[in-house]
Amino acid sequence: MAEEALQDAFAAAARAWTAGWPPHPAGWIYKAARNDIIDRRRHEALAQRKHAELALLSDGDVAEGMNEEGDVHDERLRLIFTCCHPALAPESQVALTLRTLCGLTTEEIARAFLVATSTMAQRLVRAKAKIQSAGIPYRVPEAADLPERLTEVLTVIYLVFNEGYAAASGAVLIRKELCQEAIRLARLLRSLLPGSVSELDGLLALMLLQDSRSEARLDSHGDLILLQDQDRRLWKREQIEEGIALVKGARRLGPPGAFLVEAAIAAVHAESTSAEQTDWAQISALYARLQRQHTSAIVDVNAAVALMMAKGPAAALPSLTALGAELEDYHPWHLARAEALLRLGRHEDAAHHLRRAYALAVNAVERRYIARKLARCDAAPS
């Protein structure tokens, strides 16, 4: 494993050092190899936990179910459809899949749903008991039954991608294997359905467009680079072209759903040559549309940020303030509010929210980013 990790680190260095060597090349290689080993061990542990969860869910019948003849021989997709059975409550379907498929801890899932850990733990226990007591089969349903579960399955696939795109905790920000797995599952699901489905195409487009930026999101030290500061030459053009084509095709299928609107937002970013050239007015309008069809405090935060970029911090601050009671423990809200306050010159107020964001964030890469931002804020003249 160490030899393979070292080889991958040298390959990553060949890609990352095109603009010049880092200050400490040997340290860079060591850190990259160490992070790779951590990822590999985490992946192995995930696989072991998944099989343990499968055994628990099936009470010994999984092996038989896995050998059944069917149209789809994909263990993960079968598991997703098992967890997304209509007999389970929608929120339990998604949570159980994240626990079983992704290996997320109960605390991490609770954070994603903005609920208490104890609430999520009870929800998971009830879902597992329901699967066993109801004898829910471990298989992908027939094509005619797929639409009934499609909404929850798409949500699960996107949450798997999100955990890979921005890991909720740990030493690394990006878990590439989860991003690639979510994209693979979406492609597989498309092959199962008899015709095109707008939201599925929108989801695949959204993931492709977001994943296209993966090589530009971290610097040579593994630190976060925000979208506006990324080297767009590192974005994967092939994925962008496929994603934009999917968005255009899905628009012709009918009124856009939430995933397609989010994909359209990602497409606007992908088509912009720089942060300054980004059409923030269009992005803000798309977020306003998303808010009308998908109620979510997290979407509200993103909409406020887009409004800030389009019309300035004073326009966005009231919207961010209104979300405070609901999102006091959500560190992206504190970051967004801090950014608006910084742009208004209110450094002391911004520092308060940055300290709160640092205390709430549990991913090491995000904490380093917040610490740097806080240091610059504290050093700024009041």
Side-chain angles (χ1 to χ4, degrees), residues 42-164 167-170 175 178 181-182 185 188-189 192 295-296 298 329 362:
R42 191 172 183 176
H43 183 72
E44 290 177 356
L46 169 62
Q48 292 172 358
R49 284 198 299 271
K50 188 183 71 171
H51 286 297
E53 293 280 359
L54 282 169
L56 177 62
L57 290 177
S58 66
D59 196 21
D61 293 336
V62 167
E64 181 181 351
M66 290 170 63
N67 292 327
E68 287 178 358
E69 291 298 326
D71 294 330
V72 180
H73 301 277
D74 187 277
E75 184 179 342
R76 287 200 171 190
L77 198 58
R78 291 183 183 188
L79 179 56
I80 290 176
F81 275 103
T82 300
C83 294
C84 291
H85 193 280
L88 302 176
E91 64 271 18
S92 297
Q93 297 172 5
V94 177
L96 185 61
T97 312
L98 291 175
R99 181 73 183 89
T100 307
L101 186 68
C102 302
L104 266 65
T105 65
T106 303
E107 184 178 7
E108 290 169 337
I109 301 170
R111 192 178 301 119
F113 280 81
L114 303 180
V115 300
T117 302
S118 58
T119 301
M120 183 54 65
Q122 293 171 2
R123 190 178 295 174
L124 290 168
V125 168
R126 286 197 297 269
K128 290 177 182 178
K130 179 70 176 181
I131 284 180
Q132 290 189 342
S133 64
I136 292 173
Y138 173 66
R139 64 176 175 80
V140 176
E142 301 296 328
D145 300 321
L146 288 176
E148 183 181 18
R149 304 188 202 178
L150 194 56
T151 298
E152 285 72 27
V153 170
L154 296 186
T155 300
V156 164
I157 291 175
Y158 188 48
L159 289 174
V160 171
F161 178 85
N162 264 343
E163 178 58 20
S169 61
R175 298 173 62 184
L178 287 182
E181 178 63 5
L185 288 170
L188 180 59
L189 196 53
L192 289 177
T295 303
S296 163
I298 296 173
D329 294 331
V362 291

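Note that the CE atom of Met120 and the CZ atom of Arg99 stand 12.0 Å from one another [nearest 0.5 Å]. Between atom CD of residue Glu163 and atom CD1 of residue Ile109 there is a gap of 9.5 Å, rounded to the nearest 0.5 Å. Between the CD1 atom in Ile157 and the CD atom in Glu181 there is a gap of 9.5 Å [rounded to 0.5 Å].
Applying the side-chain contact (heavy atoms from CB on, under 4.5 Å) test between Val160 and each of Thr155, Leu178, Leu185, Ile80 identifies Leu178 as the sole match.
You'll find the side chain of Thr97 stays beyond 4.5 Å of the side chain of Leu159, heavy atoms only. Proximity of His85 to Arg149: side-chain heavy atoms (C-beta onward) are separated by under 4.5 Å at one or more points.
Of all the heavy atoms in Ala127 and Ser92, the pair that sits closest is CB-CB, 4.0 Å. In terms of heavy atoms, Cys84 sits closest to Val156 at SG-CG2, 3.9 Å.
When atom types are taken as modelled, the side chain of Glu107 and the backbone of Thr117 share no donor-acceptor pair closer than 3.5 angstrom. Arg175 contributes no side-chain N or O that, together with a main-chain N or O of Ala167, makes up a donor-acceptor pair within less than 3.5 Å.
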